[in-house]
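Written out below as structure tokens is the structure these notes cover.
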Number of protein chains: 2
Amino acid sequence: MVRRLDPSSGLPVYRQIADSLRQQIESGELGVGDQLRSENQLIADYGAARQTVRQAVALLKAEGLVYAERGRGAFVRGRPPVERLAFDRFARRHRKDGEAALSVEMGGRLPTVDVVHVGPEKASVEVARWLGVRTGTKVLRRSRRYFAAGEPMELATSYVPWTLASGTAMTQEDTGPGGIYARIEEQGHELRRFTEDVTARMPTPDEARALALPTGTPVFRLIRIAYDTDDDVVEVCDTILASDRYVLSYELPAD
Amino acid sequence: MVRRLDPSSGLPVYRQIADSLRQQIESGELGVGDQLRSENQLIADYGAARQTVRQAVALLKAEGLVYAERGRGAFVRGRPPVERLAFDRFARRHRKDGEAALSVEMGGRLPTVDVVHVGPEKASVEVARWLGVRTGTKVLRRSRRYFAAGEPMELATSYVPWTLASGTAMTQEDTGPGGIYARIEEQGHELRRFTEDVTARMPTPDEARALALPTGTPVFRLIRIAYDTDDDVVEVCDTILASDRYVLSYELPAD
DNA sequence: CAGTGGTCTAGACCACTGC
DNA sequence: CAGTGGTCTAGACCACTGT
């Protein structure tokens with residue numbers, strides 16, 4: 001299984017080894033779940049030092065192509081099943097029968113929720129800007145972590161002006177049928193539209209732990225702002241999603 | 001500048017050094033553009049071997065917090081100016097005066113375009129599925145790279161059924177005023193809506209090179225499908241964006 | 001127990017920057 | 001020229017897996 005490298009290519013050895021392994025993965029020579037040759041084997045295959053082959057494999061891990069388990073080996077990553085977040089997932093018709101938005105997202109399968117924190121706090125600069133209130137205004141914060149099939153799927157933090165949330169089930173762990181948006185509409189604020197700003201970046205160490213992210217997996221960050229029929233902001237939701245588990249699907253108008 | 005580590009924490013030394021440096025960045029002790037202490041200084045600061053401090057800095061590079069220049073040093077990354085891609089950027093009103101969608105995206109500043117390839121080819125399985133045609137059907141492919149202020153911003157590949165593109169300016173490098181969508185409407189296919197599927201992942205080596213991406217920067221991939229008033233697909237555009245240069249902005253209906 | 005990947009060290013040569 | 005980060009080597013100990 002000796003593999004030859006090209007000394008005249010000018011590329012560092014670890015890049016050439018990574019390219020060789022990547023090509024084996026992309027060509028199907030190494031399939032999903034297959035074990036890579038061990039470090040000692042790669043050392044022999046390519047005639048390189050251990051740190052060098054480790055650097056090559058580290059590159060593939062950073063690209064999200066490979067993961068490693070201590071004591072077992074390194075393996076070709078399979079893409080996990082992907083959830084589609086549809087642009088109309090907050091449409092009223094999905095709430096009428098008491099189904100909250102997240103179970104719509106999950107295609108009807110019931111997700112479990114780990115409520116991290118529910119309570120009042122002072123709005124940060126960022127939250128105040130989103131809500132259109134002054135910094136330090138009292139707001140309700142609801143931080144949750146959602147699981148599907150035992151896997152952590154998303155971290156969500158909602159902010160609602162305290163004047164709107166006070167005395168309602170929004171301040172409880174269980175917001176009741178239809179979720180937080182049903183409670184907001186009961187308060188006389190009919191929802192008209194949402195804006196959603198999407199960014200992507202590498203996770204912080206905290207996020208990587210909370211979402212059980214493999215190395216090399218970016219996260220989506222969604223900032224969703226809910227407006228009522230007066231075009232006032234009634235809620236903001238800051239969501240972190242594992243990018244390898246979601247496709248975000250939107251519809252754009254042509255006129 | 002000696003920094004003490006906690007041997008009882010159980011964390012590997014390189015993680016502790018990375019945590020220490022990350023904390024210095026987040027606290028503002030190290031500002032945007034500031035130079036990190038050199039490897040030799042970090043070796044002295046933390047009493048670790050060179051590979052160990054390099055592993056710590058590599059972690060911060062993978063997180064996108066730091067970049068390095070050979071011969072100069074390692075620096076705290078500043079976020080580049082961000083472009084906002086609005087959900088209505090393909091609305092007809094933005095085309096009426098001969099302005100193509102991309103200059104709308106860029107806030108009116110004129111981007112430059114590097115046309116990589118324009119010509120007919122057979123639809124791949126993926127392209128055929130998007131266009132709703134049989135695999136191998138003749139389609140026009142237009143691959144471009146867009147620059148703003150000299151920086152590569154996005155890679156875009158459009159596919160149009162050949163029956164629609166043949167004999168029009170779409171098959172030329174310059175598609176003329178209003179761009180490709182104006183040409184499609186001239187062919188009698190009024191555009192009604194677009195769908196856009198958003199994913200994020202780490203770039204391939206090719207993409208990282210073409211977009212001049214710093215390590216640790218994920219990319220967005222947009223698959224945008226254009227439908228005419230008969231709900232037939234008239235074009236598909238596969239776009240790769242540097243995720244640190246864009247905010248994608250959408251509007252979601254509440255009913 | 002042998003084999004795996006994870007961490008760490010000490011030392012070397014290189015290409016590049018800036019003085 | 002000295003100092004920087006980039007690459008590479010040889011060797012060590014560790015924690016964990018599977019038999």
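Here is the naming used below: chain letters follow the sequence lines, and residue numbers restart at 1 for every chain.
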- prompt: Between dT4(C) atom C1' and Lys61(A) atom NZ, what is the distance in whole Å?
  reply: 12 Å
- prompt: What heavy-atom pair brings Pro203(A) and Ala208(A) nearest, and what distance separates the two atoms?
  reply: CB-N, 4.0 Å
field: Presence of Arg72(B) side-chain N/O under 4.0 Å of dG18(C) phosphate oxygens OP1/OP2
entry: yes
field: Nearest-angstrom distance from the residue atom CZ of Phe75(A) to P of dT4(C)
entry: 11 Å
- prompt: Ala48(A) side chain: which of dG5(D), dG5(C), dT9(D) is closest?
  reply: dT9(D)
- prompt: Within this structure, what is the CD-to-P distance between Gln55(A) and dT9(D), rounded to whole angstrom?
  reply: 10 Å
message: Taking only side-chain N and O atoms of Gln51(A), does any of them lie within less than 4.0 angstrom of OP1 or OP2 on dT7(D)?
response: no
query: If every non-hydrogen atom of Ala56(A) is compared with every non-hydrogen atom of Tyr14(A), which pair is closest and at what distance?
result: CB-O, 3.3 Å
message: Does a side-chain N or O of Thr52(B) approach OP1 or OP2 of dT9(C) to a distance below 4.0 Å, or not?
response: yes
task: Identify whether the distance between the nearest side-chain nitrogen and carboxylate oxygen of Arg142(A) and Glu235(A) falls below 4.0 Å.
output: no
For Arg145(A) against Leu155(A), the heavy-atom pair lying closest together: CD-CD2, 3.5 Å
- request: Using a cut-off of strictly less than 4.0 Å, decide whether Arg50(A) has a side-chain nitrogen or oxygen near OP1 or OP2 of dG11(D).
  value: no
query: Rounded to the nearest 0.5 Å, how far does CZ of Arg144(B) lie from OG1 of Thr239(B)?
result: 7.5 Å
- prompt: Starting at the 5' end of DNA chain D, which residue's closest nucleotide do you reach first, Gly71(B) or Tyr14(A)?
  reply: Gly71(B)
Verdict with reasoning, Tyr67(A) to Phe75(A), per ring pair (Phe, Tyr, Trp, His ring centres under 6.0 Å): CA-CA 6 Å; Tyr67(A) 67 94; Phe75(A) 304 86; 5.6 Å; yes
- line: Closest of dT9(D), dC8(C), dC8(D) to the Val13(B) side chain is dC8(C)
task: State the pairing partner of dG5(C); accept Watson-Crick or G-U wobble contacts with both distances under 3.5 Å, and report none otherwise.
output: dC14(D)
task: Can you tell me the distance, in whole Å, between the CZ atom of Arg54(B) and the C1' atom of dG6(C)?
output: 18 Å
field: Candidates dT7(D), dC16(C), dT9(C) - which lies nearest the side chain of Arg70(B)
entry: dC16(C)
Contact residues, residues 35-47 of chain A to DNA chain C [heavy atom, < 4.0 Å]: Ser38(A), Glu39(A), Asn40(A)
- prompt: Separation of Gln16(B) atom CD from dG6(C) atom C1', in whole Å?
  reply: 15 Å
query: Going by the angle between their ring planes, with limits at 30° and 60°, are Trp130(A) and Tyr159(A) parallel, tilted or perpendicular?
result: tilted
- line: To the nearest angstrom, the CG-C1' distance between Leu5(A) and dT9(D) comes to 15 Å
